[in-house]
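Take a look at the structure set out below.
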Amino acid sequence: MSKPQLYLLKPGYGTEANMFCPDCALMEGFFVYHPHLKAQVEFIYIDFDRPRAALVELLGVELQNSPALVFAEGDLPTGLARSTQTGRAYINDGKAICRWLGQQFHGMVPS
């Protein structure tokens, strides 16, 4: 089984390049608390502008929100959503990603 890919928006977007995604920042904070879990996922930083080609290719045009934890083709953890276009399992909510990672790897989970 290969590592799930965690897609995060690069900070510094917007007209003044002074914006960041709060849910992506939540993910960064999760890994500050759990640095040993960084090895469990592949981090991929993407641009804010849409279409977000990497996510469109993996999940379809309707599922290009970030953060997104995307699982390898054929890796279908129990209870996770699947893209209707590609069949890939994914989680695209920051707290849900933290909760899943914490439960899977015996770490903390958000309240």
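In what follows, every heavy atom counts, from backbone to side chain, and hydrogens, waters and symmetry copies are set aside. Quick caveat: nothing in here was measured; it's all calculated off a predicted structure.
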Side-chain heavy atoms of L9 within contact of Y45, under 4.5 Å: no
Other residues, nucleotides, ligands: >12 heavy atoms within 6.0 Å of E57 CD: no
Within 6.0 Å of NE2 in H36, more than 12 heavy atoms from elsewhere: yes
Approximate separation, where rounding is to 0.5 Å, of Q103 CD and C98 SG: 11.0 Å
Test item: K95 side-chain N/O and P110 main-chain N/O as donor-acceptor pair under 3.5 Å: no
Within-4.5 Å side-chain heavy-atom neighbours: L55 and V61: no
Side chains of R82 and L76 in contact at under 4.5 Å (non-hydrogen atoms): yes
Sub-4.5 Å side-chain heavy-atom contact between R50 and Q64: yes
Shared hydrophobic cluster for F71 and L58 (ILVMFWY, side-chain gaps under 4.5 Å): no
Pair D47 + R52: basic N to acidic O under 4.0 Å: no
CG-CG distance between L69 and N92, expressed to the nearest 0.5 angstrom: 10.0 Å
4.5 Å side-chain heavy-atom contact, I46 and K10: no
In one Ile/Leu/Val/Met/Phe/Trp/Tyr side-chain cluster, 4.5 Å: Y90, L80: no
Atom of F30, atom of M108 and distance for their closest heavy-atom approach: CE1-O, 3.5 Å
Atom pair CD (E42) and NZ (K3), whose distance is rounded to the nearest 0.5 Å: 7.5 Å
Contact check, side chains of L6 and I97, non-hydrogen atoms, under 4.5 Å: yes
Which atom of A68 lies closest to which atom of N65, heavy atoms considered: CB-O, 3.5 Å
Verdict with supporting geometry, F31 and F43, ring pair (Phe, Tyr, Trp, His ring centres under 6.0 Å): CA-CA 11 Å; F31 288 102; F43 288 79; 4.9 Å; yes
Transitive ILVMFWY side-chain link V109 to Y33, under 4.5 Å: no
Greater than 12 external heavy atoms within 6.0 Å of Q85's CD: yes
Minimum side-chain heavy-atom gap L59-R88 below 4.5 Å: yes
Exam field: side chain S66 to backbone Y7, donor-acceptor pair closer than 3.5 Å: yes
I91-M27 co-clustered via ILVMFWY side chain contacts under 4.5 Å: yes
Shared hydrophobic cluster, L26 / I44 (ILVMFWY, side-chain heavy atoms < 4.5 Å): no
